[in-house]
Amino acid sequence: MIEKGRRFYLTTAIAYANNQPGLHTLYEVIGADVIARWHRMLGDDTRFLTGTDEHSVNIAQRAAEEGIEPRAFVDEKVGLFRSSERLLGINPDRFIRTTDPDHFRAAQEMVRRAYANGDIYLGAYEGWYCPNEGFRSASEVVETARGTICPNHPDVPLQWLTERNWFFRLSAYQARLERHFAEHPDFVQPDYRRNEMLGFIRQGLEDFSISRASGGWGIPFPIAENGESSLMADGRWDPEAGTIYVWYDALINYITGAGFPDDPDAFAHWWPADLHVIGKDIARFHTVYWPAMLWSAGLEAPRRVWVHGWLLVKGGERMSKSRGNFFDPNDVVTALGSDGARYVTLAEVAFDRDTEVSWESFIRRYNADLANDFGNLVNRTVSMANRYLAGERPGASDGGSLRFVWEKTLPVYRSQLEGCLLHAALATLWEFVGAANRLVDAEKPWELAKAIKLGGPDGESASLRLSAVLGDLVEACRLIALAGAPFLPATAPRILAQLGYAWPYANDGNGGPPVLGELSWAAHGGEAGQMEQPEPLFPRLSVEPDATPA
RNA sequence: GGCGGAGUAGCUCAGUGGUAGAGCAGGGGACUCAUAAGCCCUUGGUCGCAAGUUCGACUCUUGCCUCCGCUACCA
């Protein structure tokens, strides 16, 4: 368990900035943002890093086709990412770009350290080269009538390349990796991903290439063939030295974002990362290559890598930009609102495996969970408190059934959230929503209100009862809003306002009291307050027959 | 080819050696505080196929089929 005030550093993979982002790309960023917000609210010293991967021959080519500089090309794409993320309420502590100057220095420093440690050497590389993904091994390409292609990009022709490259001695780290996996059973999660990676390690590791001869759009390789620095007398980097190839560029962003190498104090504070959230397609690079690269530089491996699955469309095909079968996050936000989009995406898509989604499943989930169950619960609670108690906020009771249910719910919710089972955490919290809705029908506050009108001794006991029931319901709404705030950061403060409470956290979840204290039953039991008029939080949507992208 | 996972109600999934569960969707009902929401009840399943072990298997074993993941290789 995370102790109060601990620091928590988490990252997402950086997205390839060659296009507009799809919801399937921002999915992990939304999930990581939720986890980051939870830790900020806990009071942890939290740092959340996400960003974009911007170097590659492919991007340089695309820019050239459009007749613009690579930098202008990626600036535009990054703008699209940032604007979609803003719409989704995503709040990184730093948005890192591999074109950032400090990242340039970090990547070069990592290469120098690997070299100094004897872990990189010159070799020749020959093989099929995919402009999108780099060199592909024989098992990764497919022969077709139109020639050899990479299955992920059927329309992109492969090239057969031979070139002199620097290699990283991954093979030297096999034993240490096996030991690390054994000593840190939670290093890779979920477990079946860990087993897959362990299987990959055990069958023997091969060195991998970390440079490209083709200069241009990339970070200059800092070492010349003679082993000296490739920095020339005129201050330029020798183009003959080539550029750093993808993994010694992209992966490095995680330490750049922690202060490496410019700010040793910051780096000592933030590294090793507590959590990398990544997609299953890059698990090997994060759980095998990356630890070895860090060790080579004398640094620690990250503490935990969470591997999530993909969003699939009906029929099981992976959502992807190249297939054109993806959701535009901006459309989802337009339809469901910012919090609606966050909630539905994370409730509907399991964070530990692939999930089929459709526009209809999103709308159904929104209506069932947000409009009908939770939104309506808040609305009916606030409405009754206004109508029966003149808006004077009733206090929660001590021994009510909801309190009992809540005290069972919170620890489960917390462990699922911190264990990255975000969909399960929401399901747990929503069971409590259901319990609150059932309490309304069991207690029938409207009948209590009638008994009060009739007066007499029955009226007096009804009055106490009404106040206790509505107090428990108000408390339930407060607790759900606070606990669910990482998922619903824009709505949670509105709910507290309707309940007559101030919202003590900043927009990113920082600055307030430790949330676990706030989440104890009746944490603000003695405080008087005036409730606001009810205002629907999640307007019900009509189900459109089929708006699922083809 | 090797290793691993999965095949359970229309959909998404949970589950256990003793004659199957949840949520959503569908149907019905009583109510009315509420976003015609909520609540209660309910229709749906030969638990992939076949054989075996067992008093008894959806749950164990074997074979097969289908799908998926990791990985290898042939051509």
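Here the structure is a predicted model, which means the values were calculated and not measured. Below, all heavy atoms of this structure are taken into account, side chains as well, without hydrogens, waters or symmetry copies. Letters A, B, ... mirror the listed sequences (proteins, then strands); counts begin at 1.
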Under 4.0 Å between any heavy atoms, over every strand shown, what does [X] touch: base, sugar-phosphate, or nothing? Just pick one.
X	answer
F200(A)	sugar-phosphate
G375(A)	base
F538(A)	base
L537(A)	base
R365(A)	nothing

Rounded [atom1] spacing from [N] to [M] in Å:
N	M	atom1	result
C67(B)	U8(B)	C1'	16 Å
U19(B)	A34(B)	P	46 Å
C3(B)	C73(B)	C1'	15 Å
U53(B)	G18(B)	C1'	16 Å
G29(B)	A20(B)	C1'	27 Å
A37(B)	G4(B)	P	49 Å

Does any nucleotide pair with [N] by Watson-Crick or G-U wobble geometry, both distances under 3.5 Å, and what is it?
N	value
G38(B)	none
G4(B)	C68(B)
C31(B)	none
G10(B)	C24(B)

> For the pair made of NZ in K444(A) and P in A34(B), what is the distance, rounded to whole Å?
Replying inline: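 For the pair K444(A) NZ and A34(B) P, the rounded distance is 16 Å.
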> Between W166(A) and F208(A), does the ring centre distance come in under 6.0 Å?
Replying inline: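 No, too far apart.
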> Is a donor-acceptor pair below 3.5 Å formed from side chain N379(A) to base A34(B), judging by atom type as modelled?
Replying inline: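 It does not, because no donor-acceptor pair links the side chain of N379(A) to the base of A34(B) below 3.5 Å.
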> Any donor-acceptor pair under 3.5 Å between the side chain of N372(A) and the base of G38(B)?
Replying inline: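 No such pair is found, so the answer is no.
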Let's see if you can work this out: which of [options] has an atom nearest to the side-chain heavy atoms of [X]?
X	options	result
D373(A)	A72(B), G38(B), A34(B)	G38(B)
S383(A)	C39(B), C33(B), C13(B)	C33(B)
A368(A)	C13(B), U32(B), C24(B)	C24(B)

>> Here's a test for you: under ring-ring contact (aromatic ring centres under 6.0 Å, His included), which of F326(A), F351(A), W310(A), F327(A) qualifies with Y27(A)?
In response: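 Going through F326(A), F351(A), W310(A), F327(A) one by one, the ring-ring contact (aromatic ring centres under 6.0 Å, His included) with Y27(A) is satisfied by F351(A) alone.
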>> The test is side-chain contact (heavy atoms from CB on, under 4.5 Å); show your working for L377(A) and T381(A) and say whether it passes.
In response: CA-CA 6 Å; L377(A) 171 68; T381(A) 298; 3.9 Å; yes
> Distance check: side-chain N/O of R364(A) vs OP1/OP2 of U12(B), anything under 4.0 Å?
Replying inline: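 Looking at the OP1 and OP2 atoms of U12(B), neither is under 4.0 Å from any side-chain N or O of R364(A).
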>> Between R540(A) and A37(B), is there a contact of a side-chain N or O with OP1 or OP2 at under 4.0 Å?
In response: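 It does, given that an N or O in the side chain of R540(A) lies less than 4.0 Å from OP1 or OP2 of A37(B).
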> Has R194(A) got its NZ or CZ under 6.0 Å from the middle of the six-membered ring of F187(A), at an angle within 45 degrees of the ring axis?
Replying inline: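 Not flagged: R194(A) not positioned over aromatic ring of F187(A).
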> Stepwise, does the salt bridge (charged side-chain N to carboxylate O under 4.0 Å, His left out) test hold for R364(A) with E360(A)?
Replying inline: CA-CA 6 Å; R364(A) 263 205 302 274; E360(A) 285 136 292; 5.6 Å; no
> Of all heavy-atom pairs between L294(A) and A301(A), which one has the smallest distance, and what is that distance?
Replying inline: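 Looking at all heavy atoms of both residues, the closest pair is CD1-CA, 3.9 Å.
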